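Below is one structure, written out as structure tokens; comments come after it.
Keep in mind that this is a model prediction, so the values were computed, not measured. To find a chain, count down the sequence lines: A is the first, B the second, and so on, and within it residues start at 1.
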2 protein chains.
Amino acid sequence: MKQFLNTTHDPSLKSWVASANHPEAEFPIQNLPFSVFRRHQRDESFRGGVAIGDQVLDMRVACNSGIFTGLAAEAAVAAGQDKLNALMALGAPAWSALRRALSDALAEGSPAQSILSQCLVPTSEVEFDVPARIGGYTDFYTSIHHATNLGRQFRPDNPLLPNFKWIPIGYHGRTSSIGISGESITRPLGQVMLPGEDTPTVVPSRCLDMELELGIFIGPGSRRGEPVAIGEAEQQLFGLCLLNDWSTRDVQRWEYQPLGPFLAKNFASTISPWIVTMEALAPFRVPYTRSGEDPAPLPYLDSPENRQRGLLDIKMQADLMTPSMHAAGLAPETLCVTSYRHAYWTPAQLVAHHTMNGCNLQPGDMLGSGTMSGPGTGESAALIEITGGAKNPVALPSGESRTWLEDGDTVILRAWCERPGSVRIGFGACSGTILPSRPHAF
Amino acid sequence: MKQFLNTTHDPSLKSWVASANHPEAEFPIQNLPFSVFRRHQRDESFRGGVAIGDQVLDMRVACNSGIFTGLAAEAAVAAGQDKLNALMALGAPAWSALRRALSDALAEGSPAQSILSQCLVPTSEVEFDVPARIGGYTDFYTSIHHATNLGRQFRPDNPLLPNFKWIPIGYHGRTSSIGISGESITRPLGQVMLPGEDTPTVVPSRCLDMELELGIFIGPGSRRGEPVAIGEAEQQLFGLCLLNDWSTRDVQRWEYQPLGPFLAKNFASTISPWIVTMEALAPFRVPYTRSGEDPAPLPYLDSPENRQRGLLDIKMQADLMTPSMHAAGLAPETLCVTSYRHAYWTPAQLVAHHTMNGCNLQPGDMLGSGTMSGPGTGESAALIEITGGAKNPVALPSGESRTWLEDGDTVILRAWCERPGSVRIGFGACSGTILPSRPHAF
């Protein structure tokens with residue numbers, strides 16, 4: 001993997017922001033993720049920021065500090081805007097130039113310290129917004145373990161459909177209801193067919209679930225009618241965030257045929273505020289493999305570069321905190337720990353497939369990885385899988401149990417990368433809390 | 001239906017724009033649809049316009065003419081912008097005030113004639129753009145005839161799924177690839193499973209189809225977590241356009257399970273430039289009916305207002321022109337004539353269902369009616385139905401036949417409303433031409 005690395009990944013690099021040098025820091029100088037933020041409870045506008053330790057570098061101020069030049073200066077201006085679409089549109093050379101300049105300026109001994117230290121805002125004082133205008137959101141279905149596990153619930157005789165190993169299966173999601181970590185989700189009403197009934201009923205969903213996913217932000221985009229070749233697809237990838245694809249399984253079961261999930265998922269999707277760039281993730285590539293019984297990818301999904309770059313070993317975790325656990329002072333309970341390395345399709349393959357028919361991508365579009373279940377115990381990334389189809393509730397340290405999410409429950413997603421010889425980098429958290437359903441007349 | 005009518009619908013009303021008074025005019029003074037336009041082949045910016053006869057009233061100029069006051073003036077400014085989202089956001093009272101003012105100003109004998117006649121551009125000199133930033137596009141499936149006919153192709157044993165009569169079935173479409181009438185569509189590549197094969201292949205789609213639909217533009221929108229009650233849903237409707245939901249059936253067949261259509265439809269959708277407002281359509285409401293074997297709608301989809309307002313009798317037609325027909329000077333061949341009155345669900349029911357789980361709508365979102373097939377011969381609104389699943393090709397006056405669309409074919413959609421006692425209004429055309437697929441290496 002050495003060919004993807006440069007000195008911005010050097011594990012010996014330290015920052016003059018001391019908190020970034022802590023071994024447990026999520027945002028060391030090797031990470032440098034982007035968000036959109038403002039100081040909370042103030043009448044400020046949102047602007048772009050870069051995480052360094054427990055601080056946010058205010059890019060709207062920093063871009064005028066005179067420390068950025070050339071392509072990095074152009075990228076710095078784009079990174080200070082209220083949405084990051086312009087930064088995403090600039091493409092990999094500009095992203096790389098800005099990363100290089102930020103790494104130099106935030107490194108121990110940098111002459112920029114005196115200027116940039118005035119551009120820092122403590123993360124504890126800020127709130128975040130969705131970091132891009134997400135014009136299109138496509139959720140894929142790239143874990144073969146999830147596809148098989150979930151397929152078993154919905155189609156016991158036919159869990160893994162024959163197209164799975166040939167097509168990166170995906171569908172269009174809803175962009176208007178994408179929100180940011182820390183938000184509350186009102187339990188949705190849904191039309192469901194209750195067991196033993198022969199006519200449907202409207203109830204607050206009784207089977208509210210989470211899905212542990214990653215969101216992939218698209219950079220420059222493509223033109224309608226022009227497929228992105230697999231060898232060029234990597235250049236479309238700006239970075240990744242956490243994504244909770246909240247789902248109501250009772251609604252999904254009744255509505256999903258023949259056109260796929262709709263109201264079962266479009267009431268809310270929650271993402272983490274920090275976008276970790278592909279360049280920061282470069283040290284954590286893992287080989288792209290297929291088992292002996294899997295077909296080789298079709299040529300439009302295959303390239304030496306794609307095979308070589310492979311997948312990303314991003315550890316992913318979902319925790320649950322209930323009101324009773326919170327009252328008892330208990331720590332959140334871990335529901336699962338998995339990795340993005342379990343994806344069947346690489347991000348580049350998703351881009352090549354999505355555009356092979358000429359469908360155009362735009363800067364700021366988001367692709368979902370799909371629920372990233374792994375093969376092992378404890379690696380199932382949604383309650384419907386963890387509970388074996390609601391058969392085995394999860395026992396909690398408070399003495400409670402959960403089959404589905406209850407009112408007041410908070411789900412916290414986390415992700416991080418670590419490997420020997422590299423500094424650990426984190427994604428921060430993606431949390432959401434369930435509120436009771438609204439009063440309704442039907 | 002009288003209660004929805006006002007003097008802007010008066011059939012005796014004439015305009016000082018003489019072409020608007022022709023009995024065959026699509027855009028008489030009773031219509032007044034909105035678009036976004038510029039004079040073609042000039043370096044101009046797009047701005048909003050209103051159709052009157054064979055002229056476009058340039059709203060960016062007209063809004064400064066001094067003839068609009070109060071709420072109508074606010075709406076006129078919004079109607080002059082490069083996208084109509086701001087006009088859509090203003091809501092029904094503003095739309096109605098602007099319609100009232102436009103009707104007065106464009107009527108025979110209006111003192112505004114001398115000013116507004118300087119704001120007209122001949123339609124023959126303009127080109128159009130997609131009239132709104134479409135943040136969300138949801139395609140429904142509201143013709144029970146289409147659902148049954150198409151279901152028969154994909155699921156012979158189980159054509160109409162049990163949820164159809166309870167749920168307005170829909171899915172999220174792709175917004176980035178929505179284009180405007182007159183465009184060309186490159187034949188998409190697709191991964192398909194050819195008959196007799198056991199591994200898929202990538203080919204230019206061999207089963208390229210059209211779907212005759214209407215697009216419904218959303219007005220003010222709603223907040224996440226807050227359902228729009230059926231009794232309020234009508235206020236969310238700005239107006240309607242034509243929509244061709246191009247589809248590759250060979251791709252659809254192989255990819256659509258379990259998450260619905262994706263690449264089979266997202267390569268292109270074409271809409272007509274003119275949005276005919278709900279107020280212009282008011283005289284063409286028809287009763288909302290169910291057959292004796294149909295269940296009553298669930299309460300969240302039922303209201304006295306919805307039953308009373310009902311559906312819209314919008315006649316819809318799809319024509320085909322092939323290169324050979326064009327060369328021979330033949331007129332386009334009509335593939336089908338149907339009506340939006342065949343919808344199983346009203347537009348208000350689509351809004352109430354879409355938001356019942358708290359999914360928020362935004363100004364400029366578009367809902368598709370779904371392929372609007374009727375029950376009768378000649379009322380099937382897609383080639384897959386017209387040809388009975390590719391069994392009975394369409395004979396053309398050139399001696400050719402068509403099972404699916406071929407390179408060079410142009411599909412022209414049209415719609416209009418007519419009923420005794422009202423002036424006929426039209427939607428204009430929505431055309432698209434198929435170009436050969438791009439060279440490809442796989």
Partner chain A: residue of B:Phe267, B:Trp166, B:Tyr256 with the largest heavy-atom pair count (under 4.5 Å):
B:Trp166
Please determine, among B:Ala264, B:Gly190, B:Gly221, B:Cys359, the option with the most heavy-atom pairs under 4.5 Å with chain A.
B:Cys359
Using side-chain heavy atoms (C-beta onward) and a distance below 4.5 Å, is [X] in contact with [Y]?
X        : Y        : result
A:Thr248 : B:Asn357 : no
B:Pro299 : A:Val202 : no
B:Pro200 : A:Leu298 : yes

Look at A:Gly225, A:Pro258, A:Ala147, A:Gly135 and state which one has the largest set of heavy-atom pairs under 4.5 Å with chain B.
A:Pro258
Mind checking the [atom1]-[atom2] spacing from [X] to [Y]? Nearest 0.5 Å is all I need.
X        : Y        : atom1 : atom2 : value
B:Gln191 : A:His353 : CD    : NE2   : 6.5 Å
B:Ile167 : A:Met193 : CD1   : CE    : 8.5 Å
A:Thr138 : B:Leu259 : OG1   : CG    : 12.0 Å
B:Tyr171 : A:Asn266 : OH    : CG    : 14.5 Å
B:Gln257 : A:Gln257 : CD    : CD    : 6.0 Å

[X] portion near chain A, given a 4.5 angstrom heavy-atom threshold:
X        : result
B:Phe164 : neither
B:Ala229 : neither
B:Ser177 : both
B:Arg174 : both
B:Arg155 : side chain
B:Leu435 : neither

Residues in residues 179-188 of chain A near chain B [non-hydrogen atoms, under 4.5 Å]:
A:Gly179, A:Glu183, A:Ser184, A:Ile185, A:Pro188
Partner set under ring-ring contact (aromatic ring centres under 6.0 Å, His included) for B:Phe262, not counting sequence neighbours
A:Phe140, A:His172, A:His354
For B:Asn360 and A:Ser176, test the side chains for any donor-to-acceptor distance below 3.5 angstrom and give the result as yes or no.
yes
Counting neighbours of CZ on B:Arg290 that are heavy atoms of other residues, nucleotides or ligands and sit closer than 6.0 Å, is the number greater than 12?
yes
